[in-house]
Peer 1: 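A single structure is presented below for examination.
Excluded from the calculations below are hydrogen atoms, water molecules and symmetry mates; all remaining heavy atoms, backbone and side chain alike, are included. Just so it is clear: chains get the letters A, B, ... in the order the sequence lines come, proteins before strands, and each one is counted from 1.
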Amino acid sequence: MAARVGVVIFPGTNCEHDAILALERLGASADLVWHGDTSVDGYDALVLPGGFAHGDYLRPGAIARFSPVMEAVGRFADSGGPVVGICNGFQVLCEVGLLPGALQKNRGLRFLCATVTVRVETEDSVLTAGVPAGTELRIPINHFEGNFTCDADTLATLRTEDRVVLRYVDNPNGSVDDIAGVCNQARNVVGLMPHPERASDPLLGSVDGNALLGALLASADSPVGAPVS
Amino acid sequence: MASSELFSVLVEVRLREGIADPQGSTIERALPALGLGGVSGVRAGKAFRFDIAAADEADALAQATVVAARLLANPVIEESAVTVTAPGAGV
């Protein structure tokens with residue numbers, strides 16, 4: 001049965017159709033979910049795609065965090081539903097407190113738009129289930145504020161609990177400990193700066209993002225932590 | 001006398017100690033071009049000014065602190081300082 005994915009959009013989101021196309025081509029059905037909606041009932045997984053929610057005014061994700069839909073996203077996450085935030089979506093998930101840390105301006109203050117290599121660090125998340133640790137993926141980044149930051153205690157916790165999901169092989173933005181993606185303690189909420197939907201077709205130069213999106217769809221049909229077969 | 005008055009609020013948001021500040025470092029590196037090589041410790045931040053209708057200064061400060069803590073600053077990387085000015089006190 002095709003997983004049904006809700007793709008949550010805010011004013012200024014701009015990667016929603018890319019995400020929907022990539023997910024649909026992997027066999028999912030995907031719909032837009034408006035930021036003013038108060039329910040995400042009926043979805044098997046949620047994606048918060050990239051863009052500039054509310055113009056990134058104040059801080060990326062700072063205003064989007066107060067959208068009505070975020071309460072529903074929080075309930076969905078609390079109940080174990082898979083939630084993935086890509087780029088701006090990662091920033092929103094950090095601002096709302098579903099993920100630790102924050103995304104600061106890139107080291108060097110450059111907007112970065114490039115395909116980078118990231119390494120899967122754990123198979124135990126809704127975005128990497130079935131993708132062995134050590135797998136290297138070529139996936140584009142496209143951000144000004146992708147420099148993952150957290151305090152030393154949080155970093156120690158992330159490392160001890162194996163919650164660094166992806167690391168940059170060649171750190172492009174100054175992120176602490178080369179972190180490109182992290183998950184929550186329950187491992188069902190994942191945020192990452194790279195855009196897997198932009199590595200979903202040979203025409204785009206890489207299909208490596210499909211490994212992650214496919215894992216998400218598989219996770220959507222399986223309880224958290226259960227092996228995906 | 002009205003039951004509430006308008007207080008002026010200034011909220012300064014700055015990065016916490018120890019959090020890297022690429023913006024501040026870049027500004028600092030530009031300063032020698034002005035012939036000012038002795039400037040150090042530049043930290044970039046944000047300032048917000050707004051008015052709050054409140055019963056008294058303590059009430060205004062309490063409300064402004066909520067605004068600063070819940071919206072204007074991200075406590076993971078930033079801290080905020082709130083200054084409330086009573087009506088008629090000037091700036």
Side-chain angles (χ1 to χ4, degrees), chain A residues 53-67 70-71 85 88 90-112 143-158 171-179 182 184 191, chain B residues 7-34 36-37 39-53 60-84:
Chain A
H54 296 273
D56 274 359
Y57 291 143
L58 188 57
R59 296 180 305 278
I63 312 290
R65 169 192 160 194
F66 293 103
S67 298
M70 288 312 297
E71 282 187 32
N88 196 220
F90 184 12
Q91 295 162 337
V92 173
L93 291 176
C94 287
E95 281 283 339
V96 79
L98 287 172
L99 289 173
L103 284 311
Q104 263 200 295
K105 291 180 175 61
N106 296 336
R107 177 185 59 197
L109 291 180
R110 286 213 172 97
F111 188 99
L112 297 170
H143 60 244
F144 184 53
E145 285 163 304
N147 180 350
F148 183 82
T149 306
C150 61
D151 61 37
D153 289 347
T154 304
L155 180 61
T157 302
L158 290 175
N171 190 338
N173 57 23
S175 289
V176 62
D177 202 19
D178 302 332
I179 289 173
V182 297
N184 66 343
Chain B
F7 292 82
S8 301
V9 179
L10 169 65
V11 177
E12 291 172 272
V13 174
R14 57 198 171 220
L15 288 166
R16 287 180 179 280
E17 278 292 314
I19 298 287
D21 177 10
Q23 212 173 182
S25 322
T26 303
I27 293 166
E28 188 167 321
R29 282 199 303 274
L31 285 170
L34 286 181
L36 298 170
V39 180
S40 62
V42 176
R43 304 283 281 171
K46 297 172 188 163
F48 303 87
R49 290 180 190 278
F50 51 93
D51 298 327
I52 282 188
L61 181 62
Q63 291 188 54
T65 301
V66 171
V67 174
R70 293 214 49 217
L71 178 60
L72 300 180
N74 177 347
V76 175
I77 51 172
E78 295 169 329
E79 58 192 9
S80 56
V82 180
T83 310
V84 171

Peer 1: Please report the shortest heavy-atom distance between B:Ser80 and B:Ala68, naming the atom on each side.
Peer 2: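 Smallest interatomic distance, heavy atoms only, reads OG-CB, 3.6 Å.
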Peer 1: Sort B:Glu78 into side chain, backbone, both or neither according to what part of it lies under 4.5 angstrom from a heavy atom of chain A.
Peer 2: side chain
Peer 1: Will you find, in the side chains of A:Asp177 and A:Asn171, an N or O donor that is under 3.5 Å from an N or O acceptor?
Peer 2: no
Peer 1: If I measure from the heavy atoms of chain A, does B:Arg16 come under 4.5 Å with its side chain, its backbone, both, or neither?
Peer 2: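 For B:Arg16, there is no contact with chain A at all, as no heavy atom is under 4.5 Å.
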Peer 1: Any idea which heavy atoms bring A:Pro100 and A:Cys94 closest together, and the distance?
Peer 2: O-SG, 3.5 Å
Peer 1: Roughly how far, to the nearest 0.5 Å, is the CG atom of A:Asn147 from the OG1 atom of A:Thr149?
Peer 2: 4.5 Å
Peer 1: For B:Leu71, is it the side chain, the backbone, both or neither that has a heavy atom under 4.5 Å from a heavy atom of chain A?
Peer 2: both
Peer 1: Of all of A:Arg59, A:Glu95, A:Arg107, which one pairs up most often with chain B through heavy atoms under 4.5 Å apart?
Peer 2: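 Counting heavy-atom pairs under 4.5 Å, the top option is A:Arg59.
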Peer 1: Would you give the length of the straight line joining atom CD of B:Glu79 to atom CG of B:Asn74, rounded to the nearest 0.5 angstrom?
Peer 2: 12.5 Å
Peer 1: Does any backbone or side-chain atom of B:Leu72 lie under 4.5 Å from a heavy atom of chain A? Answer side chain, backbone, both or neither.
Peer 2: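 Both parts, backbone and side chain.
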